Engineer: 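Before anything else, here's the structure in question.
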Protein chains: 2
Amino acid sequence: MDHATTRLAVSTVIFALRQEHGGAPTLWTPFVLRTRQPHLDQWALPGGWLSADEDLDSAAARTLGETTGLHPSYLEQLYTFGGVDRSPTGRVVSVAYTALVRTDEVDRAAPGENVRWFRADALPRLAFDHNAIVDYALARLRTKVEYAHIAHTFLGETFTLAQLRSVHEAVLGHALDAANFRRSMTTSSDLVETGEVLAGTPHRPPKLFRYRTAESTRS
Amino acid sequence: MDHATTRLAVSTVIFALRQEHGGAPTLWTPFVLRTRQPHLDQWALPGGWLSADEDLDSAAARTLGETTGLHPSYLEQLYTFGGVDRSPTGRVVSVAYTALVRTDEVDRAAPGENVRWFRADALPRLAFDHNAIVDYALARLRTKVEYAHIAHTFLGETFTLAQLRSVHEAVLGHALDAANFRRSMTTSSDLVETGEVLAGTPHRPPKLFRYRTAESTRS
DNA sequence: ACAAAAGTGTTGCCGATACACCCATGC
DNA sequence: GCATGGGTGTATCGGCAACACTTTTGT
């Protein structure tokens, strides 16, 4: 058994929302330009090598910060890819993660010369097997947003139901009924009214909500 | 970066059904007695080291065969466990798999001196973090059996609906309504009648079914 | 007043549950 | 014929999609 010839990497599929010229927000993911062989000058997932004294989760958070400057609001292990021929320069097993980042976090992070964002539904040809990894992450995100309460991690601390709905619509790729969405959220979900409303709209101001946390459970 | 100090292992949680003295079948999983340190003489999940020229699925199938003599009818990656202190003798990252094996396969395989089966709901204290891995596998199996069509992998090629129902009941740990189970299977599922019935019962002979495969799609 | 989005009410459909009931076979 | 599990019918309940409708603000 030759352990030294197999290296362990961590890669992260990052999702964020961006709106182009005032339209509905859509899903975007950042990639890093490879500056060395193999796959020189191709776009690849943010990631890096696992170091000996850190957890997988920590390694994902660290490498994602180092390569893109982002800090995720949600981070979850996705799948481990270990095909023998994934890399032409020796065996690499990659633990893939999915990260969600807030829109304001994207604006705050330094853009970075070698980082570029692409629409999740219009990806370029990526290095290694990274296209397959992103496809898998996107499929999982779409199913998970329907039963887990993760969509709010794209938004700020407080948000309106319309904002939350537009997140769901961006992830799922189709429109949702506003009335029914409201009901399904306010009943089966852990939303809490803040008592405030969002001002400055050219119409009726919507209520602001927040997600129930451990300490805000006082109902 | 010191890659050589981190070793990559594959471990598999194996599930099979067994009935004790004529009762309803229950879920059982096999463990292997450790014959060396660390955790000498404790029970551990079947597994082994990943070798450099095989992919993860193959490694899971191989190590599970080598340690228990079993051949799974279903094998799926579960999660990758990479805590820094999982093993006292150096860093080990384990890719965990879930395997389902048929009852007849269990009977056929050589019992093995160092292999013992335990009821999935009454486990001993296992080596390393293997209790947590089994718990996670069991939780996943319970949710997955409700939406994926995997229960039949516990059974033979053909089976009656009562047999399939007893599999679901064993996995879920509670009884199901026979009439409604029949409907939900025959409608939303890919069951095909074989045209045969199971003889030798002390009552009305039940129809035998088989799962629809790619080539048996002729409806 | 009007537009536009927030928010509510109502209806109909569909799937799941509960359970009554009939059917076929061995003994 | 009777016990036993196989198999069918059916009423009810609850959730969800569809969509009409009312409310509240800025301009």
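Note: hydrogens, waters and symmetry copies are ignored here, and every other heavy atom, side chains too, is used. Here is how names work: the chains are called A, B, and so on, in the same order as the sequence lines, proteins then strands, and each is numbered from 1. Predicted model only: the values in this text are computed from it and were never measured.
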Engineer: Testing the 3.5 Å rule here: is there a donor-acceptor pair between the side chains of B/R86 and B/S94?
Structural biologist: yes

Engineer: Is the gap between the ring centers of A/F159 and A/F209 under 6.0 Å?
Structural biologist: no

Engineer: Can you check whether B/F118 and B/W43 have ring centres sitting under 6.0 Å from each other?
Structural biologist: yes

Engineer: Let me know the distance between CZ of B/F209 and P of D/dG6, rounded to the nearest Å.
Structural biologist: 12 Å

Engineer: Could you list the donor-acceptor pairs under 3.5 angstrom formed between side-chain atoms of residues 60-69 of chain B and any protein atom two or more places apart in sequence or on another chain?
Structural biologist:
{"residue": "B/R62", "atom": "NE", "partner": "B/E54", "partner atom": "OE1", "Å": "3.1"}
{"residue": "B/R62", "atom": "NE", "partner": "B/E54", "partner atom": "OE2", "Å": "3.1"}
{"residue": "B/R62", "atom": "NH1", "partner": "B/E66", "partner atom": "OE1", "Å": "3.3"}
{"residue": "B/R62", "atom": "NH1", "partner": "B/E66", "partner atom": "OE2", "Å": "3.2"}
{"residue": "B/R62", "atom": "NH2", "partner": "B/W49", "partner atom": "O", "Å": "3.0"}
{"residue": "B/R62", "atom": "NH2", "partner": "B/E54", "partner atom": "OE2", "Å": "2.6"}
{"residue": "B/T63", "atom": "OG1", "partner": "B/A59", "partner atom": "O", "Å": "2.9"}
{"residue": "B/T63", "atom": "OG1", "partner": "B/A60", "partner atom": "O", "Å": "3.3"}
{"residue": "B/T67", "atom": "OG1", "partner": "B/T63", "partner atom": "O", "Å": "2.8"}
{"residue": "B/T67", "atom": "OG1", "partner": "B/L64", "partner atom": "O", "Å": "3.4"}
{"residue": "B/T68", "atom": "OG1", "partner": "B/L64", "partner atom": "O", "Å": "2.6"}
{"residue": "B/T68", "atom": "OG1", "partner": "B/L70", "partner atom": "N", "Å": "3.3"}

Engineer: Please report the distance, rounded to the nearest Å, between CD in A/E193 and P in C/dA6.
Structural biologist: 15 Å

Engineer: For B/E113, look at atom CD and say whether over 12 heavy atoms of other residues, nucleotides or ligands are found less than 6.0 Å away.
Structural biologist: no

Engineer: Mind running a 4.0 Å heavy-atom check of residues 161-183 of chain A against DNA chain D and sending the residues that fall below it, in number order?
Structural biologist: A/D177, A/A179, A/N180, A/R183

Engineer: Considering every strand and a 4.0 Å limit on heavy-atom distances, what is the contact class for B/T201: base, sugar-phosphate, or nothing?
Structural biologist: sugar-phosphate

Engineer: Look at the side chain of B/R204 against the base of C/dA24 and say whether a donor-acceptor pair falls under 3.5 Å; ignore hydrogens and angles.
Structural biologist: no

Engineer: Could you check whether A/T160 gets within reach of a base, just the sugar-phosphate, or nothing at all, counting any heavy atom under 4.0 Å?
Structural biologist: nothing

Engineer: Given B/L138, which partner from the list B/D121, B/L27, B/V13 fulfils the side-chain contact (heavy atoms from CB on, under 4.5 Å) test?
Structural biologist: B/L27

Engineer: Nearest to the A/K207 side chain among C/dA6, C/dG7, D/dG5, which nucleotide is it?
Structural biologist: C/dG7

